[in-house]
Amino acid sequence: MALSKNYIPQEVENKWYEHWMTKGYFNSVPNEKPVYTIVIPPPNVTGVLHMGHALNNSVQDVLLRYAKLKGYNTCWVPGTDHASIATEAKVVAMLREKGIDKNALSREEFLAYAWEWKEKYGGIILQQLKKLGCGLDWNRTSFTMDEDYYKAVIDVFIDLYNKGHIYRGVKMINWDPKAKTALSDEEVNHKEVNSKLVYVKYFLSMSDASESMSDVRDSMSGNTIEETSRTSNLEGESPEHRTSNIEHRTSITIATVRPETILGDVAICVHPDDERYKHLVGKYCYVPLINRKIPIIADEYIDMEFGTGCLKVTPAHDINDYNLGLKHKLPVIDTLNEDGTMSEAAQLYIGEDRFDVRKKIVEDLQAAGHIEKIEDYKNQVGFSERTDVVIEPRLSMQWWCKMETMAKPALDVVMNDEIKFYPPKFKNTYRHWMENIKDWCISRQLRWGHRIPAWYDEQGNFVIAKTEEEALKAMSDVRDSMSGNTNLESTSPNIEHRIPDIILTQDPDVLDTWFSSWLWPMEVFGWNKNKEHNKELDYYYPTATLVTAPEIIFFWVARMIMAGLEYKQQIPFQQVYFTGIVRDKQGRKMSKSLGNSPDLLGMIDNFGADAVRFGVLIASPAGNDLLFDESTCEQGKVFGNKLWNALKLIHILNEKERSVDETESVIFPSLWFEQRLHEVQLLVENDIKEFKLSEALKKIYSLIWDDYCSWYLEWIKTAPDQPMNEYNSSKANFFFEELMKLLHPFMPFITEEIYHQLKERAEGDDIVQQTISHATDINRAILEQAEILKHIITAIRDVRVKQHLKPKDEIALFLPEAYKQKLQAIEQVLQKQCFATSITYTNETVANAISFVVGKLQCYFTTEKEIDNSQQFEQLKKDLDYYKGFLISVEKKLGNEKFVANAKPEIIEGEVKKKNDAVEKIRIIEESLTLL
RNA sequence: GGGAGCAUAGCUCAGCUGGUUCAGAGCAUCUGCCUUACAAGCAGAGGGUCCGCGGUUCGAACCCGUGUGCUCCCACCA
């Protein structure tokens, strides 16, 4: 059949994916084979395919398809993450467009919309992965809010609660005023921003002058060590300071980047050793604009060098201030509402946005004479990972998970390489986090997610239970035991008569998304439903490899390890491969906000999925960032075309008449390529083991383009009217098949197509199902022979170009004796490729010949055509200079007593040989020169 | 502020335990070619103070120190 001129991926890719699906090739069931499992990092259900996914999933697909080639039972589990914040934000936006306010809906109504949205738009990304060619076991598609998954999350919550790992408490959390929810520390990104550092004067309360330290202490609750030392400092104060400072000072100046929080100030704090302010400690001043009286306290936390050395203390809106407040038992005044507007407690600007107030209050302070100066200032501000708004530190009641006991074993398995990290540098990052781990804020003020199984009565007492019924029972038990009523009645099965007087409401909050995804490698195999005799789990878990981005090492990787060890007493995966960050040509991270992320589906349409995979993988060195440029996809497309044309040539050769001749000279190309193929197969195996996928692909690319197409096919092909050698013909077909297998993990579609175009295949004989075996012994002698042939051929071509000889002008070739043994039996190849009429082996200088160098040996050829002697002369002079210089350096080395004394014998031997070679070479070149 | 990593051809990167597989590959560039699979091609070639400076060594792209320049992670300096 006639093949199209060029390869057209669009015509074959969908066809093959459907074929693979129909045949169920990606579906895995436990069997006797060794298993290789990967669970996909579940993309957000709201997600669409971007470069990060393309890289991440191409890598996984390569690993799995390669494992399958090596005979493993492979299983790649697909799925999506419910992504509570991201999805809820999308649903809220969708509702807003419809003119519906989220808050006007009941929880049930909202969730109905959310599910509807999920069914409609969720999981688009999974369809896109099919376009990319990813061989996922679609029968196993999971979702982190599937019914069983939901139960598993709740069960784990309850279990951890019962173990005492989960508790409820008021702490300073990161508040996202847009999503109106708490965030974990990991969900906050710090960015440097340009701010204004405002210097604000607080007027002192003059009446304080008479107040004694004991009054001050009374006004706070309790004596602390801090206060004692402060007292002694004050006593040691020098008279100079009193005169120089106190008399003139009627105000104290602080520096702040958040002037709007002034309204929540409860103290001014200075360093106890700060001579400038010692006399003020224990006195009072007034909060500007609202004139609330607050104390001036001292604490070593203060950096005397920064700003004025005075810190305004606002416990409600800063974690440090909060800690200071705790220490000094200060009150908390929360001046912000949950949406980031000013609260009643602020007294001023009530209901106005925090950023508007920041500007306004400066104006008002200015007007009231409180501003000393304003400076430009750069500082780090926390932003919400999801909504990108500025985070507010906020005190609130949340659910927490203690991490320390779970972190220890999870740290160990990574440090002792039970789980191997690639690249290993991430072990450090991991250790640092695990050793300084903090409790995990797991509650989110959202509706989309796993609802916290806590039930409250009217008094705010709560119980943890799976269902309302169980909660009711548990609550009555609690009440009974509290009232000391632990008699017959409490064990009575008759719950009903006790229920009516209890009204329970479930906690409105949901759990952090990662509190469900940390169960992913277990729960996709039905862990929670069947823990004891779960054949699937036993077979597939621990999984082989996790491929993910380093950004989520704490969010996800660490927590999966903890969950695996806690609940399965086993690691969840044997190795973790961290891919790099995808950047654009200018090195910028690809992101939606920058708009520098290319349209992946458009690229697949344009270049074909194989070419896109090629482009992504060739540019992705192990563990480094990927600087992505569409031109590499172009290269992939061109490569596909090259394969297509090689196929066309094979077809032509296959249709030729056959000859049978198995002399070494005729079949040498096939003997050689077999060795070369094995050599590369071994190298590729090694590269893939170390996740050097770009290296592996480069080697395969070169094996196909250079070795197979440029050398091998040229060596075996015969003139149009000549028959084709049977041995070479069948080998050429065989090698092509093997090459397609080797390339298949990287470019699955075209390799499948070519595999079928090579010959008629039986039903089910598809490349995706094939395995390969690797030779262990490689015949190096054959490889060396071929290298010499290649070098001679290239050298002659080079001379032809320089001498303006046509490629087919006939020559008589003279080679050194050293090549006789290696080349004599296969010299037909040489003759054919060089258009040599004869080949002679001699160490003598050849007259009227063109000389050239191969390796270190002098070769010649003669031709009937006119030769340009001057060119030849120049070349020889250049060579001569080089070898003379080389000889001097070698002699110098050998003349160095220390070198001879210290270097290994084989090194010295090598140097001696180099010297002799150089001497001989110089002799021959000089002889040639005299002949010219 | 703490930690990690990187610096090799115009670009993107290989260079394992220091020693001719040690200065490499692919793009890009240049020069010939429409040679009967492929001009999305074929054949050939030219490109590098291996970031600077010191040190260890007979010998350093490689080991050590230091400087410079990038990148990333962590961190509560208002």
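So that the names make sense, note that chain A is the first sequence line, chain B the second, and so on, each numbered from 1. Nothing here was measured: the structure is a model prediction, and the numbers come from that model.
Of the nucleotides present, B:G19 is the one that pairs with B:C58 by Watson-Crick or G-U wobble criteria, both distances under 3.5 Å. Figure legend. B:G44 is base-paired to B:C30; pairs are counted as Watson-Crick or G-U wobble with both atom distances under 3.5 Å.
Nearest nucleotide to the side chain of A:Phe306, out of B:C77, B:A37, B:U36: B:C77. Closest contact between the side chain of A:Lys425 and the listed nucleotides B:A4, B:U36, B:C76 involves B:A4. Taking only side-chain atoms of A:Lys692, from C-beta outward, the nucleotide of B:G15, B:C76, B:C74 with the closest atom is B:G15. Of the candidates B:C73, B:C76, B:A78, the closest approach to any side-chain atom of A:Thr256 belongs to B:A78. Side chain of A:Gln380, nearest nucleotide from B:C77, B:A37, B:A40: B:C77.
Taking side-chain N and O atoms only, A:Lys427 has no distance below 4.0 Å to OP1 or OP2 of B:G5. Under 4.0 angstrom from either OP1 or OP2 of B:G41 there lies no side-chain N or O belonging to A:Lys5.
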Protein-to-nucleotide contact annotation, 5' to 3' order, nucleotides 22-31 of chain B [B base; S sugar-phosphate only; - none; under 4.0 Å, heavy atom]: ----SS----

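Nearest heavy atoms, A:Glu630 versus A:Pro598: OE2-CB, 4.3 Å.
With hydrogens and angles left out, the side-chain atoms of A:Lys692 and A:Ser694 include no donor and acceptor closer than 3.5 Å.
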Every protein N/O lying under 3.5 Å from an N/O of nucleotides 56-59 of chain B:
{"unit_1": "B:C58", "atom_1": "OP1", "unit_2": "A:Asn902", "atom_2": "ND2", "d": "3.4"}
{"unit_1": "B:C58", "atom_1": "O2'", "unit_2": "A:Asn896", "atom_2": "ND2", "d": "2.9"}

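Counting distance only, with no hydrogens placed and no angle test, the side-chain atoms of A:Lys642 and the base atoms of B:C38 include a donor-acceptor pair under 3.5 Å. A donor-acceptor contact under 3.5 Å is formed by the side chain of A:Glu714 with the base of B:A37.
Across all strands shown, A:Ile319 has heavy atoms under 4.0 Å from sugar-phosphate atoms exclusively, and none from any base. Contact annotation for A:Asn641: base contact, defined as any heavy-atom pair under 4.0 Å involving a base atom.
With ring centers used as reference points, A:Phe578 lies 6.0 Å or more from A:Tyr422. If you look at A:Tyr430 and A:Phe426, their ring centroids are not closer than 6.0 Å.
When each of A:Ile254, A:Thr256, A:Ile294 is checked for a side chain to side chain contact (heavy atoms under 4.5 Å, CB included) with A:Asp265, only A:Ile294 meets the rule.
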